[in-house]
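If you're wondering where the values come from, they're calculated on a predicted model, not measured in any experiment. Below, chains carry the letters A, B, ... as their sequence lines are ordered, and counting in each starts from 1.
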Amino acid sequence: MERSKRQKQRKVLLMGRSGAGKSSMRSIVFSNYVARDVRRLGATVDVEHSNIRFMGNLMLNLWDCGGQDSFVESYLTNQRSHVFTHVAVLIFVFDVSSKDTASDMLSFASTIRALHEYSPSSRIFVLIHKMDLVPPEEKTAIFQKKSSDIRKACEDEEFLPDQVGFWATSIWDQSLYRAWTQVIYYLVPNASAIENMLSKLADVLDARELMLYERTTCLVVTHISRGSEVKNPFADRFERLSSILKTHKHSMAKHTGTMASEVSFAEMQVKTGSFMFFITRLTENTNLAIVIANDEAAFNCARINVQLAKKEFAHLDIMEKKAKDPQRAARDSVAAEEDARGSEDGDMSSQGQPSDR
Amino acid sequence: MHTLFGENILSPPPQEEEQASTNPFDLAFNSNPPATSDASGGSSLQQNDWLTQHVQNLSVVDGATSYSHGEQSGPPPRRKGNPRLLFMGLRRCGKSSVQKVVFEKLPPAETLYLEATTKIERASMQSFMTFDSAELPTSLPVQSPDYDHASIFTNIGSVIWIIDSQDEYLTSISELLRLAVFLAENYPRINLEVFIHKTDGLSEEYKYDTFREVRQRVQDELTDYGYGDRPVSYYQTSIFDHSIFEAMSKVIMKLLPALPSMETLLTKLCSTCRIQKAYLFDTLSKIYIATDTSPTFLKDYEVCSDYVDVIVDIKQLYGWRDEGKQGDQNSIEESMVSFDKSGDTYIYTREISNNLSLICLMGQGSGPNMRPVLDYNVEILNGALQKVFKV
Ligand SMILES: Nc1nc2c(ncn2[C@@H]2O[C@H](COP(=O)(O)OP(=O)(O)OP(=O)(O)O)[C@@H](O)[C@H]2O)c(=O)[nH]1
Ligand SMILES: Nc1nc2c(ncn2[C@@H]2O[C@H](COP(=O)(O)OP(=O)(O)OP(=O)(O)O)[C@@H](O)[C@H]2O)c(=O)[nH]1
Ligand SMILES: [Mg+2]
Ligand SMILES: [Mg+2]
């Protein structure tokens, strides 16, 4: 699919059967819930929309589609074109502990049939969710079995293999962030341009690693690894960092008595005998985490250089804004207002209505 | 074509040396000890006379410290070695849970599956110091005259009596009184600590009332027995939040002979550097072994303890190169994170030795300008503490 700079609004459908865990993951990733709080969520009625800004030029338009059969029925019939047009990504959530796998598959098949009809070039992220309920020794086998069944269904509906990806997730560990990071990376319209600039910045700083992450979600948008850091044995460190920073956010919020959505620090530094690490703001919505060698002078220098580099990244945002689609103007100005109120970490999503399942 | 990051971008070292003097952050973040950086060390010395004055004061404390610690004259050492704790209480009150959550890092939710304890169960944690603890099964008649109680109570520093506050607790209180009298008669040096436990899920009001009632009853009855002057301390605890760690910290602190000197050092540091609260943390157990004398609040401990986790996690992710080998001995491990965008209030941490860190909550007015003063004084504190612990 085309990665046009103009099309900044990206429609993401979050679907799956009722109780699969869609609203739970949305609340944790986007609305600063902690995992143990999601039990309080009620079943989603119809569709809940959330908008979230990434890097100033990507507006994620998330549709959390209630999964009860009557709603799904309506998405597939009278709301069919409304729901399935202009979709960039479908995230379909399977509850791995579900007893009714036949119906799960049927529901999935009819959903992607509609998707293929209206958005044939969209991308499908299949999440095999609640993996925490599977005994560790069975995880791999079960995940592979599920994925191959689902892949088969995708092929039947004429989706190409590289249009579909599979992730094992759970709200109880960082696997949730791994999957969502991939979604974001896929959606960021100018990822390669950002990467290019970050990579030059990394050279100037002689950094081992740079990670750019969005502040509300703590999702890593992109990262640059240099030199021996490429060999870092913690391949999952990016989603781990997301998870660490999110937890930290909750801790700070609790201490200051504010909402987790309002917490944002100016700077974090960790200096050790073998590396130095710091996080600072880069753009309106993003922070940059930097890892360099243990060298005080280089560290001070890097801090200043990042400050200087900031305006180059802001520049990137503005260029994108100039290419604004007039139809989007209204929406963007709403977002701008949000920013003006200082809630760039703001929680712009609507909460689930408690209701009986 | 415009250059990538503007012409005025600073180049990386080694040229950085010359720029350092004009660099506004040089002072703010120069954390090297004066020995390696004469310029800044010297200037901070002359910067403020009161600082020098203060340093002299500190070294007086320092001297006093090594004296009382080294000679151990005056009152004989109360107990040798490391803190030793004994958990007691009625059936299912949570003894095993506390011991395992604190010293064996068992996730609190997994305590649900713990089985009843039938024999003495020990736990030990090797960290900056070694913590030893044991759980006494309810079935042991340790207070009966023909039981060899010396084998259990000798060398114990504190007995922790746990009361399940979600259950009927009158029986527990009368058992506690028997224990208190027994200890007062046989082991007057053992501290008696009472955990009013499982406070999670209770309303604030109920928690407060229970706490007051337990304390009142025990105190009244002890007075009737003629032991009213025996200090008993009470804590509200739960394994599902930080309260159990804070309570354990307070219990353990009392057992450390060096506590008064550490407290004095920390209190002085706080007043000099506008620190709201300072802790010395055993980073592995998350128990603090000293804090300044200002009032303690659970929420201060919480945020510091959580931040220690952040540091430990980040160190794990990026410290993989020196797994097994010691890091650069001369480098200082320190960290900070600001509370908000202004950066005026922040948490500062500094490693004193392996598994021991100074953690400070910096109050208003302790922004970047305060950093040289902080760095300088922390360096002195570090030296003093090294002597206290002889690490
Ligand atoms: N064990 C486990 N439970 C989960 C996980 N994610 C969600 N849940 C639980 O699944 C239940 C249903 O979650 P929801 O997010 O409300 O489900 P939903 O998919 O939004 O349901 P509808 O809105 O009806 O479509 C909640 O009680 C969660 O606690 C997970 O990763 N592991
Ligand atoms: N709600 C709550 N439950 C707790 C807490 N601490 C322990 N429990 C629960 O209390 C129950 C008993 O805990 P144990 O640690 O086995 O109690 P014990 O005192 O060792 O019991 P015995 O060895 O049989 O005497 C377990 O189900 C724990 O999960 C707490 O702080 N809050
Ligand atoms: Mg839902
Ligand atoms: Mg037990």
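Heavy-atom contacts from other residues, nucleotides or ligands closer than 6.0 Å to CZ of A:Arg226 number more than 12.
Scanning all heavy atoms of the two residues, the minimum distance from B:Val310 to A:Ile244 falls at CG1-CG2, 4.0 Å. Residues A:Ala266 and B:Ser338 come closest through the heavy atom pair N-OG, 2.8 Å. Nearest heavy atom pair, residue A:Glu229 against residue B:Trp320, reads OE2-NE1, 2.9 Å. For B:Gly319 against A:Ser274, the heavy-atom pair with the smallest separation is CA-OG, 4.0 Å. The shortest heavy-atom contact between B:Tyr307 and A:His248 is CD1-CE1, 3.8 Å.
Residue A:Ser251 touches chain B through both its backbone and its side chain, counting heavy-atom pairs closer than 4.5 Å. Of the two parts of A:Thr247, neither the backbone nor the side chain holds a non-hydrogen atom closer than 4.5 Å to a non-hydrogen atom of chain B. Neither the backbone nor the side chain of B:Asp309 has a heavy atom closer than 4.5 Å to any heavy atom of chain A. For a residue to count as touching a neighbouring chain, one of its non-hydrogen atoms must lie under 4.5 Å from one of that chain's; by this rule A:Val270 touches chain B with backbone and side chain alike.
Taken to the nearest 0.5 Å, the CZ atom of A:Phe278 stands 12.0 Å off from the CE atom of B:Met336. The NE2 atom of A:His255 lies 5.5 Å from the CG atom of B:Leu361; values are rounded to the nearest 0.5 Å. A:Phe238 contributes atom CZ, which lies 9.5 Å from atom CG of B:Leu317 (distance to the nearest 0.5 angstrom). A:Phe234 contributes atom CZ, which lies 4.0 Å from atom CD of B:Gln316 (distance to the nearest 0.5 angstrom).
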For B:Val337 and A:Met252, run side chain to side chain contact (heavy atoms under 4.5 Å, CB included): C-alpha distance rounded to whole Å, both residues' side-chain angles, the deciding distance at 0.1 Å, then the answer.
-> CA-CA 10 Å; B:Val337 65; A:Met252 290 303 231; 3.9 Å; yes
Are A:Glu209 and B:Tyr318 close enough, and set up right, to give a side-chain hydrogen bond (donor to acceptor under 3.5 Å, both in side chains), and what steps lead you there?
-> CA-CA 10 Å; A:Glu209 194 149 88; B:Tyr318 289 103; 2.6 Å; yes
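When atom types are taken as modelled, the side chain of B:Ser335 and the backbone of A:Gln269 share a donor-acceptor pair closer than 3.5 angstrom. No donor-acceptor distance shorter than 3.5 angstrom exists from the side chain of A:Thr272 to the backbone of B:Glu333, with no hydrogens or angles considered.
Using a 4.0 Å cut-off between a side-chain N of Lys or Arg and a carboxylate O of Asp or Glu, B:Glu302 and A:Lys254 qualify as a salt bridge.
The residue among B:Asp313, B:Ile314, B:Asp306 with the most heavy atom pairs within less than 4.5 Å of chain A is B:Ile314.
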